[in-house]
Protein chains: 2
Amino acid sequence: MLSKKTKYAFHALSYLAENQHKGAILIQEIASSKKISQKFLESILLDLKKAGILGSKKGKGGGYYLLKQPEEITLARVIRLLNGPIAWLPCVSLNFYEKCSDCVSEATCNMHLIMCQVRDQTLSVVENKTVRDLISSN
Amino acid sequence: MLSKKTKYAFHALSYLAENQHKGAILIQEIASSKKISQKFLESILLDLKKAGILGSKKGKGGGYYLLKQPEEITLARVIRLLNGPIAWLPCVSLNFYEKCSDCVSEATCNMHLIMCQVRDQTLSVVENKTVRDLISSN
DNA sequence: TATTACTCTACTAAGTATATAGACTTTGTG
DNA sequence: CACAAAGTCTATATACTTAGTAGAGTAATA
């Protein structure tokens, strides 16, 4: 299941994409529009900023804005950032790989093979969908 | 990520499948063979029993045994039982459906549509793989 | 220089995962 | 019948994660 953090991130990114023309957008505006706790949203937007997806401007007239075009931000990127690994096992994760403790050989482990298939099927969707696909207009 | 409970369940089911000819198997034997805490494994086997996948016999000469053939037990079944929903959102879950609070219409929600695709891609693997596919011999 | 708005650190509460302990019940066998 | 073996059930503990709150700090603009 996706965490609220991840869902909020998608909501915020959609809002920013839909209002790209308005320049910097207040956290407050996103929070009230999408009904998200402002303080909680702050930390999410900060994560997205540190990842290079968003930019920000302090002071009066400040706020957050997209650094990338909506079609450049894949859902996989956002999910990995805020939700963690997409794979079901650490030993099949592309971005969060960890050797699995029990199995002797990944090459001959049936579980490993099947979980690779699950991962690839999932990625075939979320690597090819972007924030552009989330917004209703066009 | 799959929980340890789920992974232990797969290990236990594999062991039971590989030793089907031996009749009832002691929890203790599975636990030591697969290096799982015996007490923890007890609750897992109990869940599998309540779901009708395993049978048990008490007293001397007792133990657990498969009620279904390995090829009849899909991975999806086990994952839903011990890990919970396979879908990434409650509103796209087939077995744990819950209406989503924020979105107005599931029919027009882009997120909903994409998450259905993820679910279906995942299910295409785990609904068609069984405990038989986990065991090495044949 | 005052206000605005993002940034950072710390904290709390609730829930879930991963066990552990021990009493209880059922069953086979001598 | 009594005993031991083995599954069943309930309660508890501990650590980790999630979700959210509070408040001080910093930078930019008018």
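Below, read A as the first sequence line, B as the second, and so on, with proteins coming before strands; counting in each chain starts at 1.
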Would you please test A:E127 and A:R80 for salt bridge (Lys or Arg N to Asp or Glu O under 4.0 Å) and show each step?
-> CA-CA 11 Å; A:E127 287 284 23; A:R80 287 189 176 117; 3.2 Å; yes
Toward the 5' end of DNA chain C, which comes first, A:I27 or B:F40, by nearest nucleotide?
-> A:I27
Spacing of B:I30 atom CD1 relative to D:dA6 atom P, expressed in whole Å | 13 Å
Side-chain touch A:F96/A:P90, heavy atoms, less than 4.5 angstrom | no
Side-chain N or O of B:Y8 less than 4.0 angstrom from OP1 or OP2 on C:dT18?
-> no
A:L2 atom CG is separated from D:dT18 atom P, nearest whole Å, by 12 Å
Using a cut-off of 4.0 Å on non-hydrogen atoms, how would the nucleic acid contact of A:E42 be classed: base, sugar-phosphate, or nothing?
-> base
Closest nucleotide among D:dT21, C:dT29, D:dA27 to the B:K60 side chain = C:dT29
Looking only at C:dC6, C:dT20, D:dG7, the nucleotide nearest the A:S56 side chain is C:dC6
In whole Å, what is the span from the CG atom of B:D47 to the P atom of C:dA19?
-> 15 Å
How would you label the contact of B:L26 with the nucleic acid (heavy atoms, under 4.0 Å): base, sugar-phosphate, or nothing?
-> sugar-phosphate
Which residue lies toward the 5' end of DNA chain D, A:S3 or A:K39, if each is placed at its nearest nucleotide?
-> A:S3
When we call it a touch if two heavy atoms are under 4.0 Å apart, what does A:L41 touch: a base, just sugar-phosphate, or nothing?
-> nothing
Provide, to the nearest angstrom, the distance between the CG atom belonging to B:L46 and the C1' atom belonging to D:dA6.
-> 13 Å
Is any side-chain heavy atom of B:C91 closer than 4.5 Å to a side-chain heavy atom of B:M111?
-> no
Does OP1 or OP2 of C:dT18 have a side-chain N or O of B:K5 closer than 4.0 Å?
-> no
Between D:dA19 and A:S37, is there an OP1 or OP2 to side-chain N/O distance shorter than 4.0 Å?
-> no
Apply the test side chain to side chain contact (heavy atoms under 4.5 Å, CB included) to residues B:L13 and B:I53: give CA-CA distance (whole Å), side-chain angles for both, the deciding distance (0.1 Å), then the verdict.
-> CA-CA 9 Å; B:L13 288 168; B:I53 294 170; 4.0 Å; yes
When we call it a touch if two heavy atoms are under 4.0 Å apart, what does B:I25 touch: a base, just sugar-phosphate, or nothing?
-> sugar-phosphate
Taking only side-chain nitrogens and oxygens of B:Y65, does any of them come within less than 4.0 Å of OP1 or OP2 of D:dA6?
-> no
Measuring from B:K7:NZ to A:L89:CG, what's the distance to the nearest 0.5 Å?
-> 6.0 Å
Between P of C:dT18 and NE2 of B:H11, the distance in whole Å | 14 Å
Could you tell me whether A:K4 contacts a base, only the sugar-phosphate backbone, or nothing, with contacts defined as non-hydrogen atoms closer than 4.0 Å?
-> sugar-phosphate
Between D:dG7 atom P and B:Q38 atom CD, what is the distance in whole Å?
-> 8 Å
Rounded to whole Å, NZ of B:K49 lies from C1' of C:dT25 at a distance of 12 Å
Atom CG of A:L45 to atom P of D:dG20: distance rounded to whole Å?
-> 14 Å
Does the distance from a Lys or Arg side-chain N to an Asp or Glu carboxylate O, for B:K22 and B:E29, drop under 4.0 Å?
-> yes
